[in-house]
Amino acid sequence: MDHLSQTVVAGLMLGGVYALVAVGLNLIFGVVKIINFAHGELVMAGMYLTWWMWSSWNMNPYVSLFVVTPVMFLAGVALQKFILSPMQDSSPTMKIFVTLGLSVFLQNLALWLFGGQFRAVNFPWAEQNLTILGVSVTYGRLTAFVVALALVFALFYMMKRTLMGKVLNALVEDRETAGLIGIPVKKYYLMAMGIGVSLAGIAGSLIVPFQAAYPLVGAHFTLLAFVVVVLGGLGNMVGSLIGGLILGIVETIAGTYVDPALQQVAVFIVFILVLIVRPQGIFGGSARNAEVGLK
């Protein structure tokens, strides 16, 4: 039982980061109506940026969050303004091709800039253990979980209680009507993309102290983020949070009790079962998001 508890807690710690990545993806999807297949590469960018500041200036990876966050926000704004905005009225298929192309570009850019080696942040504090009620967890994983969960709930609060959140919800509901009543739609698209991309970058910074960066790591996070989003329901942010936690537990249990090489297999078995039993996800996606699907 103690070993199982340890495994479940480890899965929750990892699942919190998955949830942060997926919530950012869901925000972009819900507001901007773009399925971003380069989202994992944005996590990778946060990992590499944190590693670069640590290796060049010996910067604490958690202090580097104060650099990574605004840099990734501006990167998201630039991505929306110069690449995705011109494609806004294109077909869903064309938008997918654009983000797939961006994914390949970022992978090759990382390979050119940093090489194919694994780049790890060796931060001793993050590897130290904290034991509570017989369950041990490293400070790095605990910090990643707490910060990720805090940011997810901060996003929930923003979407429910602030003016910006209400405007973004209006765009989710009906962007044409929102534009007709004077809401600057393109401005808030930039904000939504900036927030979503900055959350991906923050997730990368949080995870790099215990997971190395390499050029193809983004594909791993993209797949996991889409599994989480589909599990929770496309467009459902609360579903993304719970789906991320479930996915982290499933992946960790499979790696501990079955075979580490079969972690991804277990994840996609759960994914396929959910699609068969409840195609709209555990919490259900919104019908208003159907326009984004492939037709």
Side-chain angles (χ1 to χ4, degrees), residues 1-26 39-40 43 47 126-127 129-153 155-156 199-200 202-212 217-234 236-285:
M1 180 61 72
D2 289 343
H3 191 247
L4 178 61
S5 300
Q6 182 74 50
T7 304
V8 171
V9 169
L12 284 173
M13 299 298 103
L14 192 58
V17 180
Y18 291 165
L20 181 62
V21 176
V23 164
L25 178 65
N26 236 341
H39 200 69
V43 178
M47 295 174 76
E127 297 301 322
N129 284 313
L130 174 67
T131 301
I132 302 176
L133 299 176
V135 177
S136 296
V137 61
T138 63
Y139 283 111
R141 291 178 182 270
L142 181 61
T143 302
F145 176 76
V146 171
V147 174
L149 225 58
L151 289 172
V152 169
F153 282 112
L155 181 63
F156 289 169
L199 291 178
I202 291 169
S205 290
L206 292 173
I207 207 168
V208 77
F210 54 88
Q211 180 169 333
V217 72
H220 169 73
F221 284 110
T222 297
L223 288 173
L224 289 176
F226 275 104
V227 172
V228 171
V229 167
V230 173
L231 283 178
L234 206 56
N236 189 317
M237 290 191 185
V238 175
S240 291
L241 170 60
I242 298 173
L245 298 176
I246 292 172
L247 189 68
I249 293 171
V250 168
E251 189 179 66
T252 307
I253 288 178
T256 303
Y257 291 101
V258 184
D259 188 332
L262 297 178
Q263 284 181 312
Q264 299 303 309
V265 174
V267 166
F268 281 97
I269 287 175
V270 173
F271 175 65
I272 292 169
L273 288 176
V274 170
L275 285 179
I276 292 172
V277 176
R278 190 171 171 82
Q280 70 270 39
I282 297 172
F283 295 91

Specify the closest pair of heavy atoms between [X] and [Y], including all atoms of both residues, with the distance to one decimal.
{"X": "V135", "Y": "S5", "value": "CG2-CB, 4.2 Å"}
{"X": "V147", "Y": "L206", "value": "CG1-CD1, 3.9 Å"}
{"X": "A254", "Y": "A266", "value": "CB-CB, 3.4 Å"}
{"X": "F153", "Y": "L241", "value": "CZ-CD2, 4.0 Å"}
{"X": "A22", "Y": "V228", "value": "CB-CG1, 3.4 Å"}
{"X": "V43", "Y": "A203", "value": "CG1-C, 4.5 Å"}

To the nearest 0.5 Å, how far apart are [atom1] in [X] and [atom2] in [Y]?
{"X": "I269", "Y": "L262", "atom1": "CD1", "atom2": "CG", "result": "8.5 Å"}
{"X": "R141", "Y": "L12", "atom1": "CZ", "atom2": "CG", "result": "12.0 Å"}
{"X": "Y257", "Y": "T252", "atom1": "OH", "atom2": "OG1", "result": "11.0 Å"}
{"X": "T222", "Y": "L25", "atom1": "OG1", "atom2": "CG", "result": "8.0 Å"}
{"X": "M13", "Y": "F210", "atom1": "CE", "atom2": "CZ", "result": "10.0 Å"}
{"X": "N236", "Y": "L231", "atom1": "CG", "atom2": "CG", "result": "12.0 Å"}

*Side-chain contact, heavy-atom cut-off 4.5 Å: L4 with T256?*
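No, side chains not in contact.
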
*Evaluate the criterion side chain to side chain contact (heavy atoms under 4.5 Å, CB included) for residue pair Q211 and V217; output intermediate values, then yes/no.*
CA-CA 10 Å; Q211 180 169 333; V217 72; 3.8 Å; yes

*Do the side-chain N and O atoms of N26 and S240 include a donor-acceptor pair separated by under 3.5 angstrom?*
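Looking only at side-chain atoms, S240 and N26 do form a donor-acceptor pair, the distance falling under 3.5 Å.
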
*Take L14 and I207, measure what side chain to side chain contact (heavy atoms under 4.5 Å, CB included) needs, and give me the verdict at the end.*
CA-CA 9 Å; L14 192 58; I207 207 168; 4.2 Å; yes

_What verdict does the side chain to side chain contact (heavy atoms under 4.5 Å, CB included) test give for I246 and Y18, after you've listed the backbone C-alpha separation in whole Å, the side-chain angles of each residue and the deciding distance to 0.1 Å?_
CA-CA 10 Å; I246 292 172; Y18 291 165; over 6 Å; no

*asked:* Whether the side chain of E251 engages the backbone of Q263 through a donor-acceptor N/O pair (distance < 3.5 Å, no angle test) should be reported.
replied: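 A pair under 3.5 Å: no.
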
*Can L224 and V21 be said to form a side chain to side chain contact (heavy atoms under 4.5 Å, CB included), step by step?*
CA-CA 9 Å; L224 289 176; V21 176; over 6 Å; no

